Amino acid sequence: MNENGAVETRPERPAEGAAGERSPGGAADPHAATPPQTATRPRRRGPGPFTLLVLPGLLTLSAVAGFLALTGGLPTDRAPGTEGPQVTVPGVNETYVPWLRKAADGCTVVTPSVLAAQIDQLSGWRNDTGRLSGEQGIAGFTDAEWRTWGKDDDGNGDSSPRDPADAIMALGRQDCALAGEVTGLRTDGTVTGDLVDLTLAAYAVGTREVAAAGRVPTGARTYLAEVRRLLPRYEVFDRETPAGEGPADAILAPPVTTLVITSPYGSRRHPLTGVTKLHTGVDFGAPQGAQVTAARDGRVVFAAMTRAYGNRVVIDHGTIDGRRLETTYSHLSVLGVTAGQGVRTGTPIGRVGSTGLSTGPHLHFEVVYDGYYADPGPWLALGD
């Protein structure tokens with residue numbers, strides 16, 4: 001279950017994107033010295049040790065340096081969660097996929113494929129700057145829009161619409177805000193239709209136009225059709241860690257005393273929004289106030305209230321087989337830990353509740369391995 005953001009509108013804009021990626025490069029020294037001319041031609045000799053041994057190596061290094069200058073240098077640090085096998089689509093940098101998933105995790109309507117299809121429609125994944133429209137980066141943000149939605153999400157010290165990670169996260173925030181508004185409009189009967197379609201329509205022409213039409217307005221239908229046409233290409237991004245990526249044996253302790261599964265991991269239709277999307281964890285039915293405990297030794301990296309997950313705790317358990325393992329505990333009625341606190345297996349971290357987007361008291365428990373959601377079952381030996 002994921003959160004919905006605040007209300008915002010956006011005018012329709014063209015499908016052209018905007019300015020080039022910054023790449024490191026180098027150039028040869030234009031002032032290299034040459035030996036002075038001599039009056040007498042030197043006697044011709046055969047190739048010496050320098051020519052035979054050193055010169056070929058220098059030529060190879062020069063060729064490599066020239067290639068790196070043309071291609072932007074060695075690969076930079078990859079996004080979190082990209083150390084393992086990657087899901088790829090031709091023409092899309094594989095390091096964008098974890099950011100698409102993280103951005104879509106902000107609400108129950110938007111999926112990674114929806115964000116990817118929007119970016120394809122907006123810019124074709126080109127990171128150019130629009131000379132006339134003023135839109136910048138793969139998600140085509142204007143300066144004014146960036147002031148609302150942009151952040152330094154990848155922590156490199158620069159918040160920029162031309163930074164793909166920042167742009168993807170900003171688009172996710174904007175879409176989730178629109179999804180929250182159209183969900184409210186549909187709940188109170190103002191509009192009808194599919195929530196994804198209504199969200200895309202609000203992105204194209206604004207929520208006021210959607211509300212006035214009571215459905216997807218005529219002015220948004222072309223944009224909606226273009227994004228829908230591109231969606232199948234990116235549906236692979238909606239799938240998570242392949243089966244068998246986790247450890248062979250269960251290594252997590254039960255987070256609640258009674259492991260009664262009320263909603264398993266996997267694709268499902270959300271009970272409140274009606275949107276079919278990956279259910280990223282397991283829901284354990286438990287009474288209000290039941291104790292929730294840490295599933296493994298680790299450090300609390302997040303403990304706060306969120307809109308969709310309610311009171312939520314995230315614990316970092318370090319690396320397992322070279323990949324980072326985290327667990328999350330959501331919809332808590334009470335938070336029993338704070339960020340930065342160390343915990344041991346079985347440490348009380350909160351109590352079962354129904355905060356956030358929830359239909360009743362339960363614990364939403366997730367396993368995040370190598371940056372991807374994984375089925376908690378094998379980690380807890382559920383069903384054994």
Side-chain angles (χ1 to χ4, degrees), residues 1-2 77-86 97-99 101-102 105-106 153-155 240-259 261 264-266 278-284 286 290-306 308-332 334-353 356 362-384:
M1 303 183 182
N2 306 315
D77 292 339
R78 303 175 76 183
T82 60
E83 291 80 5
Q86 296 301 298
V97 179
W99 293 109
R101 286 172 166 159
K102 184 175 182 180
D105 194 36
D153 286 286
D154 57 5
E240 295 296 334
T241 308
E245 288 294 315
D249 299 322
I251 62 172
L252 298 180
V256 286
T257 56
T258 304
L259 299 181
I261 299 176
Y265 173 89
L278 177 70
H279 185 228
T280 54
V282 171
D283 288 348
F284 293 119
Q291 187 70 70
V292 177
T293 58
R296 186 178 173 88
D297 294 0
R299 181 175 62 88
V300 177
V301 293
F302 182 88
M305 171 64 78
T306 67
Y309 290 113
N311 284 318
R312 178 172 170 88
V313 172
V314 180
I315 300 177
D316 183 348
H317 303 288
T319 57
I320 305 295
D321 295 337
R323 302 179 184 181
R324 187 158 301 280
L325 174 67
E326 294 179 320
T327 54
T328 77
Y329 312 75
S330 298
H331 306 300
L332 304 176
V334 175
L335 291 170
V337 289
T338 58
Q341 178 178 337
V343 295
R344 303 300 297 268
T345 303
T347 297
I349 60 173
R351 294 190 176 275
V352 170
H362 70 285
L363 173 67
H364 177 71
F365 177 76
E366 296 169 334
V367 171
V368 185
Y369 186 53
D370 196 31
Y372 297 90
Y373 292 113
D375 183 353
W379 299 80
L380 292 166
L382 297 179
D384 289 353

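These figures come from a predicted structure and were not determined experimentally.
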What distance separates Phe284 CZ from His362 NE2, expressed to the nearest 0.5 Å?
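Rounded to the nearest 0.5 Å, the CZ-NE2 separation comes to 11.0 Å.
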
Using 0.5 Å steps for rounding, measure from the OG1 atom of Thr280 to the CG atom of Asp375.
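It is 11.5 Å, given to the nearest 0.5 Å.
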
Flag the pair [X] / [Y] as yes when at least one side-chain heavy-atom distance between them is below 4.5 Å, and no otherwise.
X	Y	answer
Ser330	Val313	no
Val282	Pro264	no
Thr327	Phe365	yes
Tyr329	Asn311	no
Asp283	Ile261	no
Val343	Val337	yes
Ile349	Ile315	yes

Kindly say whether [Y] contributes a backbone atom to a donor-acceptor pair with the side chain of [X] at under 3.5 angstrom?
X	Y	value
Thr319	Arg323	no
Thr345	Asp297	yes
Tyr369	Ile320	yes
His317	Leu325	no

Glu366 bridged to Arg312 by N-O distance under 4.0 Å
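Yes.
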
Output, in order, the C-alpha distance, side-chain angles, deciding distance and verdict of side-chain contact (heavy atoms from CB on, under 4.5 Å) for Thr347 and Thr293.
CA-CA 5 Å; Thr347 297; Thr293 58; over 6 Å; no

Tell me yes or no: between the side chains of Arg351 and Gln291, is some donor less than 3.5 Å from an acceptor?
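Result is yes, a qualifying pair exists.
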
Apply side-chain hydrogen bond (donor to acceptor under 3.5 Å, both in side chains) to residues Asp105 and Tyr309 and explain how you reach the verdict.
CA-CA 11 Å; Asp105 194 36; Tyr309 290 113; 3.2 Å; yes

If you take all heavy atoms of Ala339 and Ala303, which pair is closest and at what distance?
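Reported closest heavy-atom pair: N-CB, 4.1 Å.
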
